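No experiment lies behind these values; they were computed from the predicted model shown. All chains are named by letter (A, B, ...) in the order of the sequence lines, taking the proteins before the strands, and each is independently numbered beginning at 1.
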Amino acid sequence: MSESELNINELKKVRLEKLAELKEMGIEPFGRRFERDSMAQNIKETFSEWEGKTIAIAGRIMSKRRHGKAGFANLADLSGSIQLYFRQDDLGPEKYELYKKLDIGDILGIQGEVFRTQKGEISIHVRNLYYLSKSLTPLPEKWHGLKDVELRYRQRYVDLIVNPEVKEVFVKRSRIIKEMRNYLDDRGFLEVETPMMQPIPGGATARPFITHHNALDMELYLRIAPELYLKRLIVGGLEKVYEINRNFRNEGISTRHNPEFTMLEIYQAYGDYEVMMQLCEDLISAVMFKVNGSMQIDFEGQQLDFTPPWRRVTMLDAIKEATGLDFSLIKGDEDARQAARQLGLEVKEGASRGELINEIFEQFVEDKLIQPTFVYGHPVEVSPLAKRNLKTPEFTDRFELFIMQREIANAFSELNDPIDQKERFIKQVEKRAGGDAEAHMMDEDYINALEYGMPPAGGMGIGIDRLVMLMTDSPSIRDVILFPTLRPRINEP
RNA sequence: GGGCCAUUAGCUCAGGAGGUAGAGCACCUGACUUUUAAUCAGGGUGUCCCAGGUUCGAGUCCUGGAUGGCUCACCA
């Protein structure tokens, strides 16, 4: 006997005995294909059409109430759950014995007639039952469900079985993404796939995961963003492209950060950041309406209103509003450092005006942005891939969408000047040499692509997980990712 | 990575001031042919997260560790 068999608990032993008994009766406990013709919720919603009819249904036994020679059980499928009624006089002693042996968690195929009990519960009067899968491990308690968050994330399959609201979140997540695809496909955008493993990880400032390719004997990085590849496609003439896929960032984990997360990135040739702003507002509000049926949602007790148009404010105006500081009057780096110190910020040696503007924004403004708000006009220092603003070249044509203090989208007019781009890469490389592990690496091939000529373009990234959090009122990113990253646990299933 | 908190039965949780382990659900035995958190009678199934230490004695106190949650830092 192996150790795991020795350590098996009593509850499991009982089920293994039942399994053996089923086999002795000639019943295969792990069945095969079952042709079902109905779903639980559908039967309940349109009962009059089903009453008295014989149907076939399949699902998992979630509860059982036996009364001597008759009894009930509840069967759950994807749609919901429905009550089953078993009666020895109708089933015969052999099949009734199968009912008696049922455990909560077993997966059955059922044939029977739809009816309503004396107490009014729509039910199925079972005529035949087929074991499709015997459950050997008992499920958590029916009333409280599974609450232990660690177990919920580690064993999401159990979470999905016993906590119906979890299933709803992920069904909704799927619908949100589907509606995004519909929206973009309808407007002529082409969905593409670009490398997840990149020799130079670009398109964002973040630490990458490093891996190694044996045959090529080279380091590869899991992508931190698809941006530079998608823009190569804009150079190539695909004009309107998007990608919905995972990014990987080797950084801290929190309620808003998972090492792998899903981004939607969109690029449109001949557009700019204002086109993207419009697209962003249209896209998110359209998805919101299709999925939620309303432009208002509750998030952690806060009413959010997605009705367009959304507020638009420059970063400098937002700072002025929150702090009283008018950076249009604070010109040099030294004056900026002085102003930042007055706000109580710890100012790094040599911090530039643009960097400080960004820092002040993050410190004093972000947490005030509750309703959907576009903040635009970011300093060029923190926007190495964005086009400069024509009138104020120290700022870029860039915006971020904030909802509920979180950055949901980031977009800009794409920098298509290869000479400017190269200079900005060089600045990033200098920062990197100075110890900033998140600064960009030089990407010569990307410069090469730009040198062939990239049409002016607008580009945007939308964090899908955070949007799903908002739309499903989920406090943690782990609630919207089926299998969030956790430390592996030894000696546990 | 720092701070705070948590970890007890399959699940949800109690365990006062250190005295040798509890409840509900689940499970097992029996009764019950339209119940529904079914009911009734009986049964406790445990590495009290791990390793040390203090003590006559530790689920409880101390030290270290593991895992998780929140939070700060970092970021999207």
Side-chain angles (χ1 to χ4, degrees), chain A residues 7-15 17-18 62-74 81-91 96 99 103-105 115-123 125 135-155 158-159 161-163 203-207 224-225 246-265 346 362 366 382 400-402 405-410 436-438 461-467 469 475-478 484 486-493:
Chain A
N7 289 339
I8 211 159
N9 64 56
E10 285 297 317
L11 298 169
K12 226 176 227 180
K13 260 186 210 160
V14 170
R15 292 191 174 207
E17 280 161 20
K18 284 186 183 171
M62 298 306 291
S63 65
K64 190 182 165 188
R65 298 171 291 282
R66 196 161 81 83
H67 307 255
K69 296 185 176 59
F72 297 88
N74 274 80
S81 117
I82 192 163
Q83 179 169 268
L84 307 177
Y85 176 55
F86 300 82
R87 191 164 179 264
Q88 193 179 57
D89 290 353
D90 301 321
L91 281 166
Y96 193 70
Y99 164 70
D103 281 315
I104 289 168
F115 78 112
R116 198 192 281 271
T117 64
Q118 287 175 0
K119 293 281 167 74
E121 177 94 9
I122 293 165
S123 308
H125 193 140
S135 165
L136 298 178
T137 303
L139 287 171
E141 201 211 340
K142 60 180 172 186
W143 194 242
H144 296 94
L146 183 64
K147 287 203 170 147
D148 184 319
V149 284
E150 189 180 350
L151 272 182
R152 286 186 46 223
Y153 299 146
R154 283 190 197 283
Q155 302 186 33
V158 180
D159 192 27
I161 292 168
V162 300
N163 295 329
T205 50
R207 271 166 213 259
I224 54 176
R246 229 67 67 76
N247 290 346
F248 306 86
R249 298 189 185 174
N250 204 343
E251 283 160 357
I253 295 178
S254 77
T255 48
R256 298 181 194 185
H257 301 86
N258 195 62
E260 52 177 316
F261 62 102
T262 303
M263 279 281 276
L264 162 64
E265 285 208 6
E346 214 175 292
E362 286 176 358
E366 264 188 29
V382 296
E400 290 179 297
L401 171 66
F402 287 88
Q405 308 164 327
R406 297 138 207 250
E407 184 195 335
I408 300 296
N410 180 24
D436 184 351
E438 290 168 4
I462 297 178
I464 300 293
D465 309 281
R466 290 185 177 176
L467 193 63
M469 283 169 71
S476 169
I477 197 169
R478 293 181 209 95
L486 297 175
R487 255 194 196 84
R489 208 156 186 189
I490 327 154
N491 298 329
E492 294 271 340

P-based separation of C61(B) from U12(B) [nearest Å] | 23 Å
Name the closest nucleotide to the Glu121(A) side chain, picking from A76(B), U35(B), C13(B).
-> U35(B)
Of C11(B), U35(B), A76(B), the nucleotide closest to the side chain of Phe261(A) is A76(B)
Does the side chain of Arg87(A) get closer than 4.0 angstrom to OP1 or OP2 of U34(B) through an N or O atom?
-> no
Lys147(A) side-chain proximity, nearest of U36(B), U12(B), A76(B) | U12(B)
According to the Watson-Crick and G-U wobble definition with distances under 3.5 Å, which dot-bracket string, read 5' to 3', encodes RNA chain B, using [ ] for crossing pairs and | for pairs with another strand?
-> (((((((..((((.....[..))))((((((.......))))).)...(((((..]....))))))))))))....
Does a nitrogen or oxygen in the side chain of Lys119(A) sit under 4.0 Å from OP1 or OP2 of U36(B)?
-> yes
Rounded to the nearest 0.5 Å, how far apart are CD1 of Ile224(A) and CD of Glu251(A)?
-> 8.5 Å
What string of B, S and - do you get for nucleotides 24-31 of chain B 5' to 3' if you count protein non-hydrogen atoms under 4.0 Å?
-> BBSSS---
C1' spacing across the pair U47(B) / U33(B), given as an integer number of angstrom | 46 Å
Strictly by modelled atom types, are Gln83(A) and Ser123(A) linked by a side-chain donor-acceptor pair under 3.5 Å?
-> yes
Winner on side-chain proximity to Pro140(A), out of C11(B), U36(B), U33(B), is C11(B)
Gap in Å between the two P atoms, one belonging to C48(B) and one to G42(B), rounded | 29 Å
Same-atom distance (C1') from A23(B) to G46(B), integer angstrom = 15 Å
Taking the inter-plane angle between the rings of Tyr85(A) and Phe115(A) on a 0 to 90° scale, is it parallel (under 30°), tilted (30 to 60°) or perpendicular (over 60°)?
-> tilted
To the nearest Å, how far apart are Arg256(A) CZ and C70(B) P?
-> 11 Å
